Number of protein chains: 2
Amino acid sequence: MHAQLAVKTIQDALRPAPPTCGQCPAYDLNLCRAASEAVWASPNGTPLKIQQAEHSAPARRTICREQDLHDTVPIICNGWAASIIMLSDGSRQILSFLLPGDIVSTALLFEPRPHCLLEAITDVRYRTFRRTELREILFSNPELLDRLSRSWIEEKARDDQLIVDLGRRTADERIARLILGLVERLTKREMVHGDPLEFEFPLRQHHIADATGLTPVHVSKVLSEFRRSGLIKISERSLTILDPIGFRRIANMR
Amino acid sequence: MHAQLAVKTIQDALRPAPPTCGQCPAYDLNLCRAASEAVWASPNGTPLKIQQAEHSAPARRTICREQDLHDTVPIICNGWAASIIMLSDGSRQILSFLLPGDIVSTALLFEPRPHCLLEAITDVRYRTFRRTELREILFSNPELLDRLSRSWIEEKARDDQLIVDLGRRTADERIARLILGLVERLTKREMVHGDPLEFEFPLRQHHIADATGLTPVHVSKVLSEFRRSGLIKISERSLTILDPIGFRRIANMR
DNA sequence: CGGTGTCTTGAATACCATCAAGTCTTGTGG
DNA sequence: CCACAAGACTTGATGGTATTCAAGACACCG
């Protein structure tokens, strides 16, 4: 596999100015914003700004590999990404989809090795912070520590839910729950439009398959069935939930 | 369901003295030990010992429920427990088995609600620390913070592995990997005897089923097949791995 | 224009669940 | 101590869900 890294800071500088953090849909819940705004006391007493760098990766590009060592922690600014574990026979399991404002994994604050592949789904902009600095800042400020602990808890809760979904639910339930989980997270970021619920949906069916432990073929069949039942509509990389009540019923069959 | 809580500190006092922490098989990797030994500065400057209480629960008893609120964090001293998510149709998913020295979940340092059921598998002794105190201590001492971060990372890594196992592996692989994962953790605690590998194995087949997303019936069939192939032996609540190489091959089929 | 990636559909198959019956063990109360 | 009930495990028969295999339609891109 042709896994060229996508650190192209120089080219970025030549492109039209990227949106500022204030336009980030995750502005209010963003660790990145908090860290950027934070000022900390350096060892010699001078207040310092945290160092950061902005990067981008085109859709489908690998952002970092499982065995790479990094002294920086990435946070997604824009676009969708996925953290993925690959098996030797080529099958893949997506651990989580990363949306704007998400820290890739809170565990990265403590260890340099991500243990999973990070892949861009859409074009992605992301920011990296030096691990030691970021950790220092987050732990030295009670309000930031609180914010960190919430994202830690949320990360853990989503892992637990995924375990239950993969262990104990049918294909229909898994897929419906995946979509509703995304709706919830997108809603917090104000990336979902009103009634009926509609939002940008860049996932390919193979992404859904890799996230739900199914095959792309079966995902296709389930989604077709959802459409035939009038539950959802998918077109132009956009998803509409036509029957929220019926759809939630599928997701909560047990 | 008859889920009486098992906090019987008074009765405990009447029983023969429990083994000391020094005899805990997880002594060296134990957060509990570190916390117990730690001394911290109180608001008025006096050094304080952390408060803790010791409890016990008999096998099969619920230790705490998903909706309970606790201002304490439990750490297992002795015996096996499981954290479990229950679905409304009665099916269960075990998120993790808890062994001596394990903190139930690092997320409990930040939130009072466990989100999952905690159940004793064998008779269990456990210790509870006040959340605010424990957090304070762990975060104020760099060596303890390091220890905490390691157990956080390990917890995350095990969650990720479970997700992959449930999403992408067959029944044979899941069961073999569950057992080998336990061997690894028990070995660190010096709870595995030499060659051939043998150890106390208190899990019922329904525990294995709940942990691997299978049915007890199918677990029985797979284990029988493992025995017939001469890979393992189970008797008297004790498990022996007769053919480590063959068994690991099953666990790493992809 | 061929190539690649994406999605769909049908047929055959594998894996695991469900159902059912029976053995054996463990615990409990009379 | 025995009788009985409940839990744990096994085994076989049957069925359903999801996989695998295969072929074709369609869009997009260099």
Side-chain angles (χ1 to χ4, degrees), chain A residues 1-2 58-61 87 89-93 119-123 165-176 178 201-229 232-239 250 253-254, chain B residues 1-2 58-61 87 89-93 119-123 165-176 178 201-229 232-239 250 253-254:
Chain A
M1 178 159 293
H2 167 77
R60 310 188 42 202
R61 180 73 53 85
L87 281 77
D89 71 343
S91 62
R92 299 153 53 101
Q93 177 64 48
E119 206 175 271
I121 293 173
T122 64
D123 292 350
D165 290 350
L166 295 179
R168 291 291 169 210
R169 296 188 196 270
T170 64
D172 290 7
E173 295 171 278
R174 293 185 207 178
I175 293 175
L178 170 65
F201 192 74
L203 299 187
R204 308 281 151 164
Q205 292 186 357
H206 73 81
H207 291 121
I208 299 179
D210 289 343
T212 53
L214 302 166
T215 57
V217 174
H218 199 237
V219 169
S220 168
K221 287 171 182 169
V222 171
L223 287 179
S224 298
E225 184 55 39
F226 284 171
R227 265 180 304 220
R228 235 172 297 124
S229 322
I232 62 173
K233 190 181 66 160
I234 304 182
S235 58
E236 320 268 325
R237 305 283 146 222
S238 161
L239 193 153
I250 301 257
M253 294 292 277
R254 56 189 89 195
Chain B
M1 178 160 295
H2 166 76
R60 309 186 43 198
R61 181 72 53 86
L87 281 76
D89 71 343
S91 62
R92 300 152 53 100
Q93 177 65 47
E119 208 176 271
I121 293 173
T122 64
D123 293 349
D165 289 350
L166 295 179
R168 290 291 168 211
R169 295 189 198 268
T170 65
D172 290 7
E173 295 172 280
R174 293 186 209 178
I175 293 176
L178 171 63
F201 192 73
L203 300 186
R204 308 279 152 167
Q205 293 186 356
H206 71 81
H207 291 122
I208 300 179
D210 289 342
T212 53
L214 303 166
T215 57
V217 175
H218 199 239
V219 169
S220 169
K221 288 172 182 168
V222 171
L223 288 179
S224 299
E225 185 54 40
F226 283 171
R227 264 178 305 222
R228 235 172 296 122
S229 322
I232 62 173
K233 191 181 66 158
I234 304 183
S235 59
E236 319 268 327
R237 305 284 144 224
S238 162
L239 194 153
I250 300 262
M253 294 291 277
R254 55 188 93 195

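These figures come from a predicted structure and were not determined experimentally. Chain letters run A, B, ... following the sequence lines, proteins first, then strands; residues in each count from 1. Hydrogens, waters and symmetry mates play no part in the numbers below; they use all other heavy atoms, side chains included.
Between A:G213 and B:L203, the residue whose closest nucleotide on DNA chain D is further toward the 5' end is B:L203. Between A:H207 and A:R168, the residue anchored nearer the 5' end of DNA chain C, judged by the nucleotide with its closest heavy atom, is A:H207.
Taking only side-chain atoms of A:K221, from C-beta outward, the nucleotide of D:dT11, C:dT18, C:dT9 with the closest atom is C:dT9. The nucleotide whose nearest atom lies closest to any side-chain atom of A:R237 is, among D:dT19, C:dT6, C:dT18, C:dT6. Of the candidates D:dA22, D:dT11, C:dA17, the closest approach to any side-chain atom of B:H218 belongs to C:dA17.
Nucleotide D:dT20 holds its P atom 9 Å from the CG atom of A:D89, rounded to whole Å. As a whole-Å value, the separation of A:D210 CG from D:dT19 P is 12 Å. The nearest whole Å value for the distance from the CZ atom in A:R204 to the P atom in D:dC28 is 10 Å.
Nucleic acid contact class of A:R174 (heavy atoms, under 4.0 Å, all strands): none. Among the atoms of the strands shown, only primed sugar atoms or phosphate atoms (P, OP1, OP2) are found under 4.0 Å from some heavy atom of B:L214. Using a 4.0 Å heavy-atom distance criterion, A:R60 is classed as a sugar-phosphate-only contact.
Between A:S220 and C:dT8, a side-chain N or O to OP1/OP2 separation shorter than 4.0 Å is present. Under 4.0 angstrom from either OP1 or OP2 of D:dG7 there lies no side-chain N or O belonging to B:H206. The side chain of B:T215 contributes no N or O atom lying less than 4.0 Å from OP1 or OP2 of C:dT18. For the pair B:Q205 and D:dT10, the criterion of a side-chain N or O lying under 4.0 Å from OP1 or OP2 is met.
In this structure, OG1 in A:T215 is found 7.5 Å from NZ in A:K221, a value given to the nearest 0.5 Å. Taking CG from A:L239 and NZ from A:K233, the interatomic distance works out to 10.0 Å, rounded to the nearest 0.5 Å.
Comment: B:E173 engages B:R254 in a salt bridge, judged by a side-chain N to carboxylate O separation of less than 4.0 angstrom.
Judged by distance alone, the side chain of B:R174 and the main-chain N or O of B:T212 form a donor-acceptor pair under 3.5 Å.
Residue B:E119 forms a side chain to side chain donor-acceptor pair (under 3.5 Å) with just one option from B:R61, B:R60, B:R92, and that option is B:R92.
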